[in-house]
S.K.: 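Structure below; questions to follow.
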2 protein chains.
Amino acid sequence: MFLGCPPVAAPIRVGDKWTAKIIRCLESAPRRFTELQATLRGITPKVLTESLRSMERDGLLTRTAYDEIPPRVDYRLTELGRSLIEPMNAGCEWSRRHLAELMRARDSWYESTSGIPGRSGVESI
Amino acid sequence: MFLGCPPVAAPIRVGDKWTAKIIRCLESAPRRFTELQATLRGITPKVLTESLRSMERDGLLTRTAYDEIPPRVDYRLTELGRSLIEPMNAGCEWSRRHLAELMRARDSWYESTSGIPGRSGVESI
DNA sequence: CCGAATCCCACTCGATACTG
DNA sequence: CAGTATCGAGTGGGATTCGG
């Protein structure tokens with residue numbers, strides 16, 4: 001039925017917990033590991049490393065290690081990574097316009113069913 | 001640092017495995033449970049039910065049960081759900097333009113590192 | 001400073017079988 | 001037809017500790 005419809009890698013790639021935030025964090029300038037960790041409050045080094053490696057693998061950012069003591073590494077967006085900002089902004093714009101309505105729907109659902117909280121949270125980036 | 005930046009519910013909501021596909025499936029007309037199940041090849045009744053309930057809870061679609069025998073239920077997008085198509089299309093457009101580049105980066109990463117496959121697959125909708 | 005190693009939990013998703 | 005019940009695998013993410 002949807003044969004020929006395009007793949008939709010972007011929401012999947014960006015829909016995880018940290019990728020979008022990392023891109024926002026690198027939008028204006030390259031950052032060092034510790035800067036990212038400080039900005040992304042709550043991320044552990046392991047998860048930050050995994051996320052950065054995964055994004056590097058997909059060509060969204062580059063990792064540059066300087067041979068100094070103490071060691072220094074910085075991460076910067078590639079053009080490919082930067083190009084994701086546009087669809088991300090489309091998602092943000094949707095949230096700006098419609099998130100309140102979604103939250104209202106969710107609240108009235110819980111009122112009427114006394115249900116337990118479900119999936120799909122809301123994150124700020 | 002990013003205080004005041006808008007929440008980004010859309011990629012999170014749509015970034016799961018089935019939500020985007022369900023929206024595409026309901027884009028042109030309401031569908032019954034079995035129609036959805038047939039179109040979304042591979043989804044199990046349990047997961048389809050969970051997804052639909054979760055989307056109903058968030059006001060993305062409505063569920064209508066008709067008191068007939070055999071039972072009949074249909075699902076249709078709300079205006080809120082329909083409004084998600086626009087940012088979804090932005091993600092699709094990004095994939096159309098850049099997915100090949102991402103896959104190339106991923107391939108050359110594996111060539112150079114003999115690494116094991118990582119996260120973030122690619123889905124067609 | 002920038003991670004790697006290890007352990008662990010929660011949660012999503014799927015397979016299978018059953019029902020009003 | 002439209003689900004529900006149960007079980008289980010896989011994975012993303014987190015806590016903690018250790019190393020170059």
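Lettering follows sequence order; numbering is per chain, from 1.
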S.K.: For the pair made of CG in B:Leu36 and P in D:dC1, what is the distance, rounded to whole Å?
M.R.: 14 Å
S.K.: Rounded to the Å, how far apart are A:Glu123 CD and D:dG12 P?
M.R.: 17 Å
S.K.: Identify, with sequence neighbours excluded, every residue that meets ring pair (Phe, Tyr, Trp, His ring centres under 6.0 Å) alongside A:Trp18.
M.R.: none
S.K.: Can you check nucleotides 4-9 of chain D for protein contacts, nitrogen or oxygen pairs under 3.5 Å, and list what you find?
M.R.:
unit_1 : atom_1 : unit_2  : atom_2 : d
D:dT4  : OP1    : B:Arg53 : NH2    : 3.3

S.K.: Over how many whole Å does the gap from A:Glu50 atom CD to C:dA4 atom P extend?
M.R.: 9 Å
S.K.: Starting from P on D:dA2, measure out to CG on B:Leu52 and report it in whole angstrom.
M.R.: 11 Å
S.K.: If you look at every strand shown and take non-hydrogen atoms under 4.0 Å, does B:Tyr66 touch a base, only sugar-phosphate, or nothing?
M.R.: nothing
S.K.: When you measure from the side-chain N and O atoms of B:Tyr75 to the phosphate of D:dC1, is any distance below 4.0 Å, counting only OP1 and OP2?
M.R.: no
S.K.: Do A:Glu27 and A:Arg24 sit within salt-bridge range, that is, some charged N less than 4.0 Å from a carboxylate O?
M.R.: yes
S.K.: Taking the minimum atom-to-atom distance to the side chain of A:Trp18, which one of D:dC1, D:dG3, D:dG13 wins?
M.R.: D:dG13
S.K.: Taking atom P of D:dG14 as reference, at what distance in whole Å does atom CD1 of A:Ile43 sit?
M.R.: 7 Å
S.K.: State plainly whether the residues A:Arg53 and A:Glu50 are in salt-bridge range, i.e. N to O under 4.0 Å.
M.R.: no
S.K.: Judged by atom type as modelled, is there a donor-acceptor pair below 3.5 Å linking the side chain of A:Arg63 to the main-chain atoms of A:Val73?
M.R.: no
S.K.: For the side chain of A:Arg63, counting heavy atoms from C-beta on, which of C:dT16, C:dG3, C:dG20 is nearest?
M.R.: C:dG3
S.K.: Using the side-chain heavy atoms of B:Pro70, tell me which of these nucleotides is nearest: D:dG14, C:dC13, D:dC1.
M.R.: D:dC1
S.K.: Please, which pairs that meet salt bridge (charged side-chain N to carboxylate O under 4.0 Å, His left out) have at least one residue in residues 75-88 of chain A, sequence neighbours excluded?
M.R.: A:Asp74-A:Arg76
S.K.: Rounded to whole Å, please give me the gap between CZ in A:Arg72 and C1' in D:dG20.
M.R.: 18 Å
S.K.: In sequence, state the C-alpha distance, the side-chain angles, and the governing distance for B:Arg57 and A:Tyr110, and then conclude on side chain to side chain donor-acceptor pair (under 3.5 Å).
M.R.: CA-CA 8 Å; B:Arg57 183 201 64 174; A:Tyr110 289 135; 3.1 Å; yes
S.K.: For A:Gly42 and for A:Pro71, locate the closest nucleotide of DNA chain D by heavy-atom distance; then report the residue assigned to the nucleotide nearer the 5' terminus.
M.R.: A:Gly42
S.K.: Without decimals, in angstroms, what is the distance between B:Leu48 CG and C:dG14 P?
M.R.: 11 Å
S.K.: With a 4.0 Å limit, can you tell me whether B:Arg32 has a side-chain N or O closer than that to the phosphate oxygens OP1/OP2 of D:dC1?
M.R.: no
S.K.: Quick check against the 3.5 Å criterion: does B:Ser95 have a side-chain atom that pairs as donor or acceptor with the backbone of B:Gly91?
M.R.: yes
S.K.: Would you kindly give the CG-to-P distance between B:Asp16 and D:dG12, to the nearest whole Å?
M.R.: 14 Å
